[in-house]
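Below you'll find the structure, written out as C-alpha cells, and then a few comments.
Numbers restart at 1 for each chain; the letters A, B, ... are given by sequence-line order, proteins then strands.
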There are 2 protein chains.
Amino acid sequence: MDSTDAITVVDAPVVCRISPTVDLLFSRWTTPILWTLHRSGRLRFGELERRLGTITPKVLTERLRQLERDGLVRRQYFPEVPPRVEYEITDLGESLSPVFAALADWTDDHLPAVEQARSAYNGPLPR
Amino acid sequence: MDSTDAITVVDAPVVCRISPTVDLLFSRWTTPILWTLHRSGRLRFGELERRLGTITPKVLTERLRQLERDGLVRRQYFPEVPPRVEYEITDLGESLSPVFAALADWTDDHLPAVEQARSAYNGPLPR
DNA sequence: CTGGATCCAGACGGATACTG
DNA sequence: CAGTATCCGTCTGGATCCAG
C-alpha cells in the first residue's frame, strides 16, 4: 500500500475531495429522505411520502433507488396483497449522523446571520 | 423557552431543518469555491478560476455573487489598471469548517463502501 | 399500495465571444 | 484582469395517468 509517491500524475487534480460525497447526499430530496428515515426508523413507501409532504411518487422512487444503490438505504419488499414495501437507513447511512449533526448545529447557530447578510446585501443581485 | 406544546398548528411542518443550509452550500461549484478559499486564503479572481480548473468565468461570477450576498465570502475591489479583485472567506464562512471537516472525515472513511455498494447493485438501474 | 410511463417546465451550468 | 452578454444543452423534478 505504499502510495508514497509525492508526485501525482493525474492531469485533473482533485480540487475538492468532498465533492463526490456532496453529489451523493445533497439534492432536492435526498437530504429530507435520509433525515426522515434517520429520525423515524423503518417506514413504508406511503408513510414516507406522506411525511415528506409535497414529493411525488415518481421522484420518491427515483431517489430511493439511488440511495439503495449507494448502500445508504435498504428496501424490503413484502409480497402481500396489497403489496408492502419498507425502507430504512443502513449502517452506512447511519454513519452519516455526524455530518447531519454538524449541519444541524451550523444551521441553528449561523443561518440567521446568513438571512441577515442577505437582506443587507446591496450589490448586483444574483439569480 | 417553553415550547412545551405537543401540538403544532403549522400546516406545512418543516420536514428537514437543514435543507435551507444545504441549498446554501451545495451546488455544482459552491463547495469547491468555499473549499479552495478556505484552504488557500485570499485569492484573485483569475487565480481562483485557475485552481478550480474547468469553471467558466460566468459561472464563477454567479456563484461568488451568491456567496457574497449570503455573507460567506468577501469581495474586495482595487481600482487599478489592470483591475484587481480579491476574494476571501468571511468569519461566517469559516464557521463552516466543522461541517466540511465532518464531510471530509466521512468521505475518507465511507466513500469506498459506497462505491462498492454501487458496483454490487443489481436492482433496476437509476439514472 | 407501490410504483412505472410520459410529457413538460424551469434552473443550472457550459461554450463562446466581447468589453471597461 | 475581471468580468458581461448570448445562446443553448442537460438534468432534476413536477404533473398526470396508468398498472401489477
Does OP1 or OP2 of [N] have a side-chain N or O of [X] closer than 4.0 Å?
X       : N      : answer
A:Arg63 : D:dT12 : no
A:Arg84 : C:dT2  : no
B:Arg44 : D:dC1  : no
B:Arg65 : D:dT4  : yes

For a quick test of your reading: what N or O donor-acceptor pairs under 3.5 Å do the side chains of residues 109-118 of chain A make, sequence neighbours left out?
{"residue": "A:Arg118", "atom": "NE", "partner": "B:Asp70", "partner atom": "OD1", "Å": "2.9"}
{"residue": "A:Arg118", "atom": "NH2", "partner": "B:Asp70", "partner atom": "OD1", "Å": "3.2"}
{"residue": "A:Arg118", "atom": "NH2", "partner": "B:Asp70", "partner atom": "OD2", "Å": "3.4"}

Partners meeting side chain to side chain donor-acceptor pair (under 3.5 Å) with [X] (sequence neighbours left out):
X       : result
B:Arg42 : B:Gln76, B:Glu86, B:Glu88
A:Ser95 : B:Trp106
A:Thr21 : B:Thr107

[X] has an atom [atom1]; how far is it from atom [atom2] of [N], in whole Å?
X       : N      : atom1 : atom2 : value
B:Leu60 : D:dA2  : CG    : P     : 10 Å
A:Glu62 : D:dC11 : CD    : P     : 13 Å
B:Arg50 : D:dC1  : CZ    : P     : 11 Å
A:Leu48 : C:dT2  : CG    : C1'   : 12 Å
A:Leu67 : D:dT12 : CG    : P     : 14 Å
A:Asp23 : C:dC12 : CG    : P     : 16 Å

_Letter per nucleotide, 5' to 3', of nucleotides 14-20 of chain C [B base touched, S only sugar-phosphate touched, - untouched; heavy atoms, 4.0 Å]_ = BB----B
*Is there a side-chain contact between A:Leu64 and A:Thr61 (heavy atoms, below 4.5 Å)?*
no
*Answer yes or no: is there a side-chain heavy-atom contact under 4.5 Å between B:Phe26 and A:Leu103?*
yes
*Under 6.0 Å from the six-membered ring centre of B:Tyr121 and within 45° of its axis: does the NZ or CZ of A:Arg69 meet both?*
no
*Contact class for A:Tyr87 (heavy atom, under 4.0 Å): base, sugar-phosphate, or nothing?*
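Contact class for A:Tyr87: sugar-phosphate only.
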*Indicate the ring-plane relationship of B:Tyr87 and B:Phe45, choosing parallel, tilted or perpendicular according to the 30° and 60° boundaries.*
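Because their plane-to-plane angle lies in the 30° to 60° range, the rings of B:Tyr87 and B:Phe45 count as tilted.
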*Which of the following nucleotides, D:dA2, C:dC1, C:dG3, is nearest to the side chain of B:Phe45?*
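Nearest to the side-chain atoms of B:Phe45, counting from C-beta on, is D:dA2.
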*Quick one: bend of the helix from C:dC1-D:dG20 to C:dG20-D:dC1 from 5 pairs per end, to 10°?*
50°
*If you take all heavy atoms of A:Leu25 and A:Thr30, which pair is closest and at what distance?*
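Nearest pair, atom of A:Leu25 first, then A:Thr30: O-OG1, 2.6 Å.
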